[in-house]
Each structure stands twice: as structure tokens, then as C-alpha cells.
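Contents: one structure, followed by commentary.
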There are 2 protein chains.
Amino acid sequence: MATPEPTSLPPTKGRSGAKDVARLAGVSTATVSRVLNRSQQVDPATRERVLEAAAKLRYVPHGAARTLRSHRSKMVGAIVPSFDYALYARTTSALQQRLDERGYALVLAEHHYELAAETRIAGQLVEHGVDAFVLVGLDHEQRLFSLLQDYGRPYVLTWGVDGAQRHPSIGFDNRAATLAVTRHLVGLGHRRIGLLSAPPEGNDRARARGEGLRAGLAEAGLTLDPRHIAYAPISLAAAEAAMQQLLAAPERPTAVVATNDVFAVGAMIACRKTGVRIPQDLSITGVDNTDLGATQTPGLTSVATPITEIGRAAADQLVARLEGLPCETFQAFPVELVHRGSTAPPPSE
Amino acid sequence: MATPEPTSLPPTKGRSGAKDVARLAGVSTATVSRVLNRSQQVDPATRERVLEAAAKLRYVPHGAARTLRSHRSKMVGAIVPSFDYALYARTTSALQQRLDERGYALVLAEHHYELAAETRIAGQLVEHGVDAFVLVGLDHEQRLFSLLQDYGRPYVLTWGVDGAQRHPSIGFDNRAATLAVTRHLVGLGHRRIGLLSAPPEGNDRARARGEGLRAGLAEAGLTLDPRHIAYAPISLAAAEAAMQQLLAAPERPTAVVATNDVFAVGAMIACRKTGVRIPQDLSITGVDNTDLGATQTPGLTSVATPITEIGRAAADQLVARLEGLPCETFQAFPVELVHRGSTAPPPSE
DNA sequence: TTGTAGGCGTTATCAA
DNA sequence: TTGATAACGCCTACAA
């Protein structure tokens with residue numbers, strides 16, 4: 001034994017198994033299993049004895065053994081882009097809570113906006129035997145879809161709706177969100193509207209939200225000036241820097257549509273530092289209606305998205321599919337524009 | 001078959017096992033195992049063949065089987081109070097990232113500030129076979145500690161330091177955080193300082209932070225007026241309501257120490273709605289130095305806490321203990337006061 | 001260096 | 001309704 005001996009995990013030290021419970025209750029392990037798995041085929045009296053014995057021994061079933069034999073781990077895997085900025089936290093929270101109620105545990109990981117990492121992590125989750133998957137967004141590597149296909153277990157894409165209905169999905173119309181704010185801005189009289197967004201590659205939400213802006217502009221016979229587009233990774237600092245570019249652009253836009261509240265608040269910070277007044281000099285809008293945006297001065301006009309509903313619905317759908325119950329595999333929830341003080345008519349020239 | 005048939009999970013449908021890899025590589029399953037577990041005892045040529053075969057068959061080991069046999073699941077369980085408000089998100093993120101690098105998956109759950117729920121969930125994590133635990137805070141049910149004792153695996157408490165060193169812990173001095181802000185406020189001339197906090201029961205962080213305020217006041221020969229204390233659950237709305245009480249209190253405080261940034265921002269909102277100017281009429285401070293506080297107008301004076309360091313250190317410690325390597329089981333990181341615009345001398349009477 | 005064989009703790013299939 | 005028994009897929013002695 002050369003290595004420091006991996007902390008020799010006591011094989012099953014004091015822990016008692018189904019066998020112990022069976023012995024104490026005077027039944028076989030098969031009966032113990034039946035009782036604990038709520039099978040109806042068991043005499044109330046014996047059930048009682050078994051439960052007593054299990055309680056007395058503080059019996060905790062061995063999940064791995066159960067998984068190995070039954071092919072169900074009672075774990076659901078979720079891979080989200082990031083825990084930061086509370087963008088996905090509320091969805092994850094709702095998901096976890098609902099899964100917990102249904103007796104499932106959540107195995108959670110981040111991919112930091114790298115789809116290759118997402119695929120790799122999905123492989124690990126398969127290895128850990130999760131019964132189902134929750135993914136964020138519609139864009140994923142083909143390899144990931146192949147993996148899911150081979151694995152043959154339920155999965156659901158969230159935060160977007162798959163128009164072609166190729167994959168079960170639960171979300172909302174990201175395009176509609178920015179379309180709504182754009183109409184609002186155009187209605188206020190804005191003609192030069194900029195875009196502050198996450199890089200669109202591999203991020204369907206960012207793409208759809210950008211399209212919403214373009215569509216809204218097109219409705220009014222306007223176009224998106226390429227010089228009025230700035231992409232940045234999702235962080236306040238990066239958004240602030242990107243906004244500085246837009247502020248320095250020729251024919252500076254009178255309004256900026258940010259594809260989420262983090263970008264929008266980063267933009268507000270840039271404006272504060274530059275002395276650009278919101279909304280008198282420039283209007284700014286976000287998406288997701290987070291506390292971060294709502295508590296700014298002035299409050300951020302944003303679009304409320306159904307982030308907790310998505311988490312709950314994802315849990316419900318997956319559990320239903322795992323238990324062979326009927327369910328909706330495609331769900332879209334509405335979004336709603338929330339007016340606050342960050343938008344106003346453009347300054348008169 | 002009466003019930004809708006639990007989606008008959010294909011036992012091992014197409015999925016290939018170690019046996020398949022062994023056959024294709026022309027070796028035994030033992031050798032496959034050795035190759036995949038980086039045992040040195042294997043001929044480079046055979047190793048190569050095995051890896052090729054594994055890749056060809058897209059072999060993914062069956063975690064449950066491995067766990068059952070090896071008594072190590074390569075999963076770490078973490079239970080945090082809540083995903084909301086990004087208070088614990090950054091710690092969780094750092095934890096997950098570091099665990100992932102080390103080949104461990106994170107099973108994550110919330111207890112919503114209910115310690116009984118925490119104990120229940122810990123039991124589920126035991127059932128799922130996690131190799132180690134990360135808990136937040138020092139306060140936990142005795143039942144939970146018993147459970148951990150029985151389970152006999154590593155665990156670490158975070159976000160606090162266990163002075164008595166009864167349990168491995170990684171955190172910072174919560175008392176010192178509010179002590180620092182209190183000294184700052186006292187130094188500015190404040191004599192009536194209020195407290196806005198989470199209910200202290202079962203929340204050692206809140207208690208320690210409250211004590212920091214009391215200690216800072218005591219240093220200056222001052223005391224905390226009971227009428228200047230307000231407790232609220234952790235949410236912006238609740239904090240706002242609690243702050244309204246403080247604003248309505250007799251001999252209104254000239255400064256309020258909030259035990260975290262969420263409370264502080266909730267307090268700022270209350271002030272805005274009431275026409276109380278910050279910092280001219282009232283100073284406010286937070287703890288945790290979140291983006292939420294930093295982006296307010298004026299910026300929130302707060303205390304930077306080592307939240308990502310905690311996550312990383314927790315992962316490092318647990319992995320080290322699991323692998324029998326040496327490590328620090330008690331770690332304290334420093335905190336740092338961050339001055340922003342929400343604090344100023346009290347108004348002259 | 002490699003193969004053989006037994007068992008980890010549970011659930012499922014039978015038969016009783 | 002209950003019990004005996006055989007897997008589940010892998011790891012790890014031990015033997016070769």
C-alpha cells in the first residue's frame with residue numbers, strides 16, 4: 001500500500017441494509033423491498049412490522065444498488081449556462097423544488113456558455129445515471145443530441161420553443177420579448193435603436209432576441225445599423241465596455257435594446273459614467289425583469305419572462321414521462337412588457 | 001399490465017458495457033477496468049487497444065455499478081439555503097466548477113432557510129450515495145450531525161468559522177464584517193444605528209452579523225435600541241416592509257446596518273418611496289458586496305466576502321480528504337469594507 | 001502483465 | 001401474500 005490510502009471508506013460500517021431490516025421484521029428482503037416501494041401486494045400487518053424495523057435500524061436504502069437493479073436513479077441532471085446573475089437561478093430553484101417534491105434529486109452543472117463543455121458534462125451525467133435531462137436553450141452540439149438519443153431517456157430543452165418540434169421544449173418566445181420592447185421604443189419615436197447582446201453563436205436566445213429587434217424595426221421601415229450592434233460576454237463589466245462603444249458610435253442611437261437585464265444594467269453604468277442621462281438622452285431596455293434591473297434608478301423597462309414556470313413545468317414533464325403519465329411535451333408561456341423609467345421619447349435634435 | 005407502464009427503461013438497450021469493450025479489445029473486463037482507472041499495471045499496447053475499443057463502442061461506465069462495488073460515487077452533495085439573490089450562487093458556482101475539474105459531480109438542493117428540510121434532504125443525499133457534503137452555516141439540527149457522524153464521510157461547513165473547531169469549516173468572520181461597517185459609521189458620527197436582519201434563529205450568519213453591530217456600538221459606548229431592530233425573511237419586498245418600520249420608529253436611526261445586500265437594497269427602496277435621502281438623511285450598509293448593491297444609486301457601501309474562495313476551498317478540501325491527501329480543515333478568509341456612496345455623516349439635528 | 005471469479009445491496013422473477 | 005434466487009455492471013482479490 002504505497003499511496004496514502006484513499007481514506008478507506010468503511011464498506012458498510014454500521015449501516016444496516018435491507019437484509020437487517022428483513023431479519024428484524026422476520027420477513028424476506030423481497031418483502032422489505034415491496035413495503036418500501038409502496039407495492040400494494042403486502043399485508044398491512046407485515047408492512048407495519050417492516051416499517052418499524054426500518055425505522056428502528058434507521059435504514060437508508062442504498063441508491064446505487066437500487067439504480068443498478070431497477071435502472072432508475074431518481075436523479076435528474078440539469079446543465080445551465082451559468083449560476084451567475086440570477087438569470088437561470090430562479091428556473092433552477094423552481095426545478096429543484098418541484099423535483100424534490102416528487103422524490104427526485106437534482107444533479108446540476110454549468111457549461112459557462114461553451115457547448116462543447118455542455119456535451120462533455122452530459123456524458124458525465126449519463127455516467128452518473130441520471131434518469132432525465134434538462135438543458136437550457138435550443139442550440140446544442142449534434143454530439144449531445146446523439147448522446148441523448150442513444151441514452152434513450154427523457155430530456156427537455158428550456159428557455160425557448162422549438163418551432164419545428166424536433167425536441168421537447170418548454171419556454172417562451174424570445175423574439176416576441178424584444179419585438180415588444182422595440183414596438184414600445186418605436187412608438188415613443190425612436191428611429192436609431194442599438195443592440196447590446198451576447199454573442200449569437202450557439203446562443204439561440206440571444207439570436208432570437210436580436211431578431212425581435214430587427215423585426216420591430218422592419219415593421220417601422222427601419223433597419224439595424226451594424227455600427228449600433230455590440231456583443232459582449234454576459235457580465236456587467238463586459239456590458240459596460242460594449243456600451244461605451246455604442247455611445248462612441250457615429251450617429252449614436254437614441255435607444256438601446258439589451259438582450260437581458262445584465263447587459264442593460266451594464267449599459268446604465270456606462271451611461272452614468274459618461275454623463276448620458278437615462279431616459280432623457282438615451283432609453284434602455286432589458287429582458288428578464290430581474291431585481292437587478294427593477295431596483296436601478298431609474299427602474300429598467302424590461303420584459304418579464306416565465307422563468308419559474310419553466311422550472312416547474314420541466315420537472316412536471318420529466319417526472320410524468322418517467323412515470324409513464326401523459327403530459328405536454330411542448331409548452332410556451334407568455335411574456336409581458338414591464339414599463340419603468342428607463343424609456344422615454346428620444347431627445348429632440 | 002394495468003398501469004401505463006413506467007416508460008419501460010430499456011435495461012441496457014444498445015449501451016455497451018465493460019464486457020463488450022473487453023471482447024472487442026480481446027482482453028478481460030479486469031483489464032478494461034484497470035485501463036479506465038489509470039492503474040499503472042498495464043501494458044501500453046493493450047491499454048491502447050482497450051481505449052480504442054472503448055471509444056469505438058462509445059463506452060460509458062455505469063456509475064451505479066461502480067459505486068456499488070467501490071463505495072465511491074464521485075458525487076458531492078451540497079445543500080444551500082436558497083439559489084435566489086445570488087448570495088450563494090457564486091459559492092455554488094465555484095464549488096461546482098472545481099469539483100468538475102476533479103471529476104466529481106455536484107448534487108445540489110435548497111432548504112429555504114428551514115433546517116428541518118435540510119436534515120431531510122441530507123438523508124436523501126445519503127441515499128443517493130454522495131461521497132461528501134457541503135453545508136452552509138454552522139447552525140444545523142443535531143439530527144443532521146448524527147446522520148453525518150453515522151455516514152462517516154467528509155463534510156464541511158461553509159460561510160462561517162467554527163471557533164470551537166468541532167466541525168471542519170471554511171468561511172470568514174461574519175461578526176468582523178458588520179463590526180467593520182459599524183466602526184465606519186461610528187467614525188462618521190452616527191450614534192443611532194439600526195439593524196435590518198434575517199431572523200437570527202437557526203442562522204448563525206445573521207446572529208454573528210448582529211453581534212458585530214452590537215460590538216461596534218459597545219466600543220463607542222453605544223447600544224442597540226430594540227426599537228431599531230427589524231427582522232425579515234430574505235427578500236427585497238420583505239426588507240422594504242421591515243425598513244418602513246425602522247423609518248417610522250421613534251428617534252429614527254441615522255444609519256442602518258443591513259446584514260446583507262438584499263436587505264440593504266430593500267431598505268434603499270423603502271427610502272426612495274418615503275423620500276428619505278441616502279446618504280444625506282440616512283446611511284445604509286450591506287454585506288456581501290453584490291452587483292445588486294454596487295449598481296444602486298448611490299452605490300451601496302458593503303463588505304466584500306470571500307464567496308468564491310469558499311466554494312473553491314470547499315471542493316479542494318473535500319476532494320483531498322476523499323483521496324487521502326493532506327489539507328486544511330479549518331480555513332478563514334479575510335473580508336474587506338468597500339466604501340461607496342450610501343454612507344455619510346449623519347444629518348445635523 | 002493478465003484472467004478468473006465472487007460479490008457489492010437491491011429489485012424482479014419465479015414458485016410456493 | 002410471501003420467499004428463494006438470480007441478476008444488474010463493475011471492481012478487486014487472487015491466481016496464473
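Letters go in sequence order (proteins before strands), and every chain restarts at 1. Side chains are part of it too, since the values below use all heavy atoms of this structure and drop only hydrogens, waters and symmetry mates.
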request  = Considering only NZ, NE, NH1 and NH2 on the basic side and carboxylate oxygens on the acidic side, decide whether B:Glu127 and A:Lys74 come within less than 4.0 Å.
outcome  = no

message = What is the separation between atom CG on B:Leu36 and atom C1' on D:dT12, rounded to the nearest whole Å?
response = 15 Å

message = Quick check on the helix from C:dT1-D:dA16 to C:dA16-D:dT1: what's the angle between its two end axes, five base pairs per end, to the nearest 10°?
response = 30°

task = Spell out, as yes or no, whether a donor-acceptor pair under 3.5 Å connects the side chain of A:Asp139 to the backbone of A:Asn203.
result = yes

Polar side-chain atom of A:Asp204 near backbone of A:Leu138 as donor-acceptor pair, under 3.5 Å = yes

message = Treating B:Thr67 as the side-chain partner and B:Gly63 as the backbone partner, does any N or O pair qualify as donor plus acceptor under 3.5 Å?
response = yes

request  = Salt-bridge test for A:Arg58 and B:Asp150: reply yes if a basic N is under 4.0 Å from a carboxylate O, no otherwise.
outcome  = yes

key: For A:Asp84, all residues meeting side-chain hydrogen bond (donor to acceptor under 3.5 Å, both in side chains), sequence neighbours excluded   = none

Rounded interatomic separation in angstrom, taking NZ from A:Lys19 and P from C:dT10 = 9 Å

ask   = A:Asp43 CG to D:dT2 C1': how many Å, rounded?
value = 10 Å

Enclosure of B:Arg90 CZ (heavy-atom neighbours >12, cutoff 6.0 Å) = no

note = With the side chain defined as heavy atoms from C-beta on, B:Ala18 is closest, among D:dC10, C:dG9, D:dG3, to D:dC10

query = Reckon A:Val27 touches a base, only the sugar-phosphate, or nothing at all at heavy-atom distances under 4.0 Å?
reply = sugar-phosphate

query = Tell me: CG of A:Leu68 to P of C:dC8, nearest whole Å?
reply = 13 Å

query = Quick one: B:Gln41 CD to D:dA13 C1', roughly how many Å, whole number?
reply = 13 Å

ask   = Within the side chain of B:Arg49, is there an N or O that forms a donor-acceptor pair under 3.5 Å with the backbone of B:Ala25?
value = yes

inquiry  = Listing request: all salt bridge (charged side-chain N to carboxylate O under 4.0 Å, His left out) pairs with a residue in residues 107-126 of chain B, at least two apart in sequence or in separate chains.
reply    = A:Asp100-B:Arg120

query = Are any of the side-chain heavy atoms of B:Arg153 and B:His71 separated by less than 4.5 Å?
reply = yes

ask   = Rounded to the Å, how far apart are A:Asp20 CG and C:dT10 C1'?
value = 13 Å

Using the 3.5 Å cut-off, write out each protein N or O paired with an N or O of nucleotides 12-14 of chain C and the distance between them.
from: C:dA12; atom 1: O4'; to: A:Arg69; atom 2: NH2; distance (Å): 3.2

remark   = By ring pair (Phe, Tyr, Trp, His ring centres under 6.0 Å), B:Phe133 pairs with (sequence neighbours left out) none

request  = Taking only heavy atoms on the protein side, list every residue of residues 48-63 of chain A lying under 4.0 Å from any atom of DNA chain D, sorted numerically.
outcome  = none

request  = Assign each of A:Val32 and B:Gly26 to its nearest nucleotide of DNA chain C by heavy atoms, then name whichever residue's nucleotide is nearer the 5' end.
outcome  = B:Gly26

Below 4.0 Å: OP1/OP2 of D:dT2 and any side-chain N or O of A:Ser28 = no

Backbone of B:Gln142 reached by a side-chain donor or acceptor of B:Ser146 within 3.5 Å = yes

query = What integer distance in Å separates A:His71:NE2 from D:dA7:P?
reply = 13 Å

query = Just checking B:Thr67: base, sugar-phosphate only, or nothing, at a heavy-atom cut-off of under 4.0 Å?
reply = nothing

remark   = Separation of D:dC10 atom P from B:Arg72 atom CZ, nearest Å, is 18 Å

